[in-house]
Amino acid sequence: MRTFNDPNKLQRWALAQRLAGRKIALVPTMGALHEGHLSLIAAAKRKGADEIVVSVFVNPTQFGPKEDYAQYPRDHRADAAKCRAAGATAIFFPTPENMYAPDHSVWMVEDGALSGSLCGARRPGHFRGVCTVVAKLFNIVHPNFAVFGQKDYQQQTIIRRMVRDMNFDLKIVVAPIVREPSGLALSSRNAYLSGAEKESALALSRALKKLKACAKNGPRPWKAVKEETWDELGKAGLRVDYVEAVDADTLAPVATLEKGVAVLLAAYAGKTRLIDNAVM
Ligand code: PAF
């Protein structure tokens with residue numbers, strides 16, 4: 001497995017691979033890799049990539065001033081070992097300094113149709129940072145396809161739109177959420193949770209399971225179901241940020257819970273903000 005720190009070196013190598021007819025997959029991550037990330041590498045393998053490039057970069061521009069940028073878990077050695085074992089062929093560990101010039105001033109911005117609600121409304125500037133760094137990674141790695149997790153539902157929706165609207169010459173693959181046997185969706189931020197907070201966090205996947213069963217029984221007015229879900233999460237000890245039912249493609253709010261609708265949840269367990277989702 002090759003290791004790159006310098007974006008220019010990676011870009012030259014990646015271009016040579018593409019010119020030689022090799023298929024490149026990009027798996028963008030912020031590190032602290034877990035089985036969820038490894039499932040993205042596995043998806044890249046299944047899709048027949050010749051080169052699987054995993055980027056590990058805690059991107060400062062997608063964190064708000066009061067968010068966990070400084071404390072976000074970082075362990076390059078463990079991440080490299082996991083990538084190698086999972087079959088990645090290259091790992092990219094850039095620094096903020098070599099990703100962003102001191103006078104960086106051009107950004108990739110979604111106009112709010114997709115990013116103005118849900119996490120985007122609560123984390124101003126977050127998706128500007130995500131889209132910008134992902135666009136830079138696309139330009140550096142020249143991937144034939146990039147793999148994102150469904151766990152960040154709004155993120156993958158915005159990235160797919162960015163690829164379409166900006167004519168990026170690559171495909172986006174979305175891999176399903178990986179869960180602990182308890183149902184808890186894997187996240188690098190789960191490392192922050194105490195035992196009691198982890199117990200509370202299980203209410204998220206429990207609620208989604210219940211909502212899926214409910215949607216199977218036919219359409220239901222969302223307002224009442226939303227209130228019930230909000231109460232249940234609160235009773236489990238979570239501080240709810242949002243409980244939303246949206247169109248699975250446009251993220252527009254819907255009035256009815258039914259098959260095909262995406263339900264997105266965000267809540268705090270202690271100080272840790274967790275998200276989860278399911279398409280009904
Ligand atoms: O999902 C993430 O880990 C990040 O938002 C991403 C896509 C790697 C961009 O920094």
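Ligands are counted one by one from 1 in listed order, and the atoms in each one are counted from 1 as well.
Put simply, the side chain of Met108 does not reach to within 4.5 Å of the side chain of Lys136, judged on heavy atoms. You'll find the side chain of Asn277 reaches within 4.5 Å of the side chain of Ile177, heavy atoms only.
Of all protein heavy atoms, the one lying nearest to atom 10 (O) of ligand 1 is Gln62 OE1, 2.6 Å. Looking only at heavy atoms of the protein, atom 3 (O) of ligand 1 is closest to Met30 CG, 3.5 Å. Protein heavy atom in closest approach to atom 5 (O) of ligand 1: Gln155 OE1, 2.7 Å.
In this structure, Arg74 satisfies the cation-pi test against Tyr69, with its NZ or CZ atom closer than 6.0 Å to the six-membered ring centre and inside 45 degrees of the ring normal.
Counting heavy atoms under 4.0 Å from ligand 1, residue Thr29 touches it through the backbone alone.
The local environment of CD in Glu67 is crowded, with over 12 non-hydrogen atoms from other residues, nucleotides or ligands closer than 6.0 Å.
Using a 4.0 Å cut-off to heavy atoms of Pro28, the atoms of ligand 1 that qualify are 8 (C). Against a heavy-atom cut-off of under 4.0 Å, Val133 is close to the following atoms of ligand 1: 9 (C), 10 (O).
Side-chain N/O atoms of Tyr192 and Asp68 include a donor and acceptor closer than 3.5 Å. A side-chain donor-acceptor contact under 3.5 Å links Asn59 and Tyr100.
Residue Asn59 has no N or O atom closer than 3.5 Å to an N or O atom of ligand 1.
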